[in-house]
Amino acid sequence: MIIRIFTFLIGFGLTTIGCVYIVSYLNLFSFGYNFIEYVNFITRRIECLNALVGIILMVLSITLGGKNELYI
């Protein structure tokens with residue numbers, strides 16, 4: 001149970017860090033980037049991929065469980 005909580009919190013932290021970078025890179029639109037170039041840029045940045053890894057960790061920690069645990 002404690003491992004699932006720890007995994008969820010790590011995933012939440014990674015998602016928060018990744019989303020902060022994604023929002024901060026929205027300033028690229030003021031430099032003349034279009035939406036396709038913006039998406040291409042953020043998919044190549046490792047700090048933006050933290051959001052995806054964090055979401056995967058959170059989903060796995062919620063859905064995967066043991067035999068004797070209570071699902072709420």
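A single hydrophobic cluster is seen to contain both F31 and L26, as judged by linkage of ILVMFWY side chains at heavy-atom distances under 4.5 Å, directly or through other members. Linking Ile, Leu, Val, Met, Phe, Trp and Tyr whenever their side-chain heavy atoms come within less than 4.5 Å puts F41 and F35 in one cluster. Residues I17 and I46 are members of separate hydrophobic clusters, defined by side-chain heavy-atom contacts under 4.5 angstrom among Ile, Leu, Val, Met, Phe, Trp and Tyr. With hydrophobic clusters built from ILVMFWY side chains whose heavy atoms lie under 4.5 angstrom apart, I42 shares a cluster with Y33.
Side-chain contact between E47 and Y25 is present, with heavy atoms from C-beta onward closer than 4.5 Å.
Remark: I22 CD1 to N50 CG distance equals 9.5 Å, nearest 0.5 Å. If you take CG on L14 and CG on L49, they are separated by 11.5 Å, rounding to the nearest 0.5 Å. In this structure, CD1 on I55 lies 11.0 Å from CZ on F12, to the nearest 0.5 angstrom. Rounded to the nearest 0.5 Å, atoms CZ (R45) and OH (Y21) are 9.0 Å apart. The CG atom of L28 sits 11.0 Å away from the CG atom of N34 when rounded to the nearest 0.5 Å. Between the CG atom of L52 and the CG atom of L57 there is a distance of 10.0 Å, given to the nearest 0.5 Å.
A side-chain donor-acceptor contact under 3.5 Å links R4 to the backbone of L64. For the pair S61 (side chain) and T7 (backbone), a donor-acceptor distance under 3.5 Å is absent.
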(message) Is there a side chain to side chain contact (heavy atoms under 4.5 Å, CB included) between M58 and T15? Walk through the geometry before answering.
(response) CA-CA 9 Å; M58 286 193 303; T15 303; 3.7 Å; yes

(message) Evaluate F29 against Y38 for ring pair (Phe, Tyr, Trp, His ring centres under 6.0 Å), listing each step before the verdict.
(response) CA-CA 8 Å; F29 286 124; Y38 170 73; 4.9 Å; yes

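A 6.0 Å sphere centred on CD1 of I5 holds more than 12 heavy atoms belonging to other residues, nucleotides or ligands. Within a 6.0 Å radius of CZ in F6, no more than 12 heavy atoms belonging to other residues, nucleotides or ligands are found.
Between A51 and C19, the shortest heavy-atom distance links the atoms CB-N, 4.1 Å.
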